[in-house]
Amino acid sequence: MTLVSSAAVAEHASRDSCWIVVHGKVYDVTDFLDEHPGGSKIILKYAGADATEAYEPIHPPNAITDNLPTDKHIGAIDPNTVVKVVKEVTEEDKRRQALLDARPPLDEIINLHDFEAVAKAVLPPKAWAYYSSASDDEITIRENRAAFQRVWFRPRILRDVTSVDWSTTILGQKSSLPVYISATALGKLGHPDGELNLTRAAGKHGVIQMIPTLASCSFDEILDAAVPGQPLFLQLYVNRDREITKKYVQHAEKRGVKALFITVDAPQLGRREKDMRMKFVGDAGAKVQEGQKDIKQDQGVARAISSFIDPSLSWKDIPWFRSITNMHIILKGVSTPEDALLAYDAGLQGIVLSNHGGRQLDTARSGLENLPPIIAALKTRGPWPNPNFSVFIDGGVRRATDVLKALAMGASAVGIGRGFLYAFASYGQEGVEKSFQILREEFEMNLRLLGARNLSELTPDMVDASGLHQHVGLTPADNLFNTTYQPLRLAEFRDA
Ligand code: 173
């Protein structure tokens, strides 16, 4: 491979000729500038220089090699010409390191909310904004939690609960928990090992991970980190270019992935305003030209990299998916009995009642609230549970009690996304392992207290969901409006 000196790269530092270095390789990205989903400005910031550090958290390693024609691969950077720049330690780096050093010891973390609080404190502000944000007024993300509080238990007593078992089977795969790791994008924004933290912890503890299409680690890196026989699922964003999707899906199947979760609630990405306000592109110092159309950079991380998602996806595409893979196919992001029945009648293997963690249509109902009418609709097609069709829910799950409510109401298993993401963002793989241990302890105690020795003994009569559809009283607070329109105040005393 041609060796290119740093000085030669530095000569191509403009919009007319733009070379960058990523992972030691030199690329000519001049013609790609306007096609970059994240806009040209961010690339131009690194024109003539090494862009690896900015590239790494938001692209899988092979993104650049796959997207640039080979004649734009200029060569390898000549290591003898690279001046080792000692990375400047910023005030922000120091603050972050001090916070990491001062984290509560892991054995003081006693529930999944604790990870969230630690992650909020230690994550770079842009990462926290991206992970925690939800769409518009963020009503749905809060409703996801509130809905669980509207379901109450009806525990049974005196059932000899000496030994209890919360293991299960999810889409034919053994799982030590009735919970799977739901897909969340861009793991390296939270931790240098990104999604591998989840893969390694999941492999060790018999938990199933759903790999995100937009992981920071490449699909193969994740598969290579799995132990032999470790079951994995794949979340799929469908590309406008179906050949890309086909190749991806068939590669996943070849590598042993067991199920394909097609995301169907994101034909366009929701506006996550916390993320947008962060303007993830560091614009300081960008070599931008006058009048350049560069509208994407203020849309937040996710929108910047989501333009490949095909909004034309429709029910007509389902037979095509069936024709390209034998994996189980599940639709992720179903909200109504109408669509649940369409999925069932289309011969799919399941659905996830999800509102994408409150990140898509704001004021969409929670998965939990959608569960009873959807189970009722599916019962018109035959007995429930149905071994050939699974109903999962996700959104706002932080406690084993949340999971047990969903299972009692007919769900097959429950997905947790942010909960595990925050566990590794705050403590790496160990954090994820600890989160499994916390859930195990919660399942053990709560199954005993409910009078169920295993998951098949969880029955609909163990919950009172009669208030689930009543939004009065537990309506999520409208935070932005409430902040602007201060509450009325009573007569005040004058200052003495
Ligand atoms: O919720 C998300 O942020 C998400 O699903 C996504 C979609 C496209 C790109 C990055 C993330």
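Whatever order the structure lists ligands and atoms in, that order sets their numbers, starting from 1.
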Return the set of residues passing side-chain hydrogen bond (donor to acceptor under 3.5 Å, both in side chains) with Arg96 (not counting sequence neighbours), or none when no residue passes.
none
Not counting sequence neighbours, which residues clear side-chain hydrogen bond (donor to acceptor under 3.5 Å, both in side chains) with Glu92? List them please.
Arg95
Between the side chains of Ser40 and Arg15, does any donor sit under 3.5 Å from an acceptor?
yes
Residues in the immediate environment of ligand 1 (any heavy atom closer than 4.0 angstrom)
Tyr130, Ala185, Leu214, Tyr237, Leu269, Arg272, Ala302, Ile305, Ser306, His356, Arg359
Which pairs, with at least one residue in residues 325-362 and sequence neighbours excluded, count as a ring pair (Phe, Tyr, Trp, His ring centres under 6.0 Å)?
Tyr344-Phe389
Should Arg365 and Glu143 count as an ion pair when the cut-off is N to O under 4.0 Å?
no
Cation-pi, Tyr130 ring and Arg359 (6.0 angstrom, 45 degrees)
yes
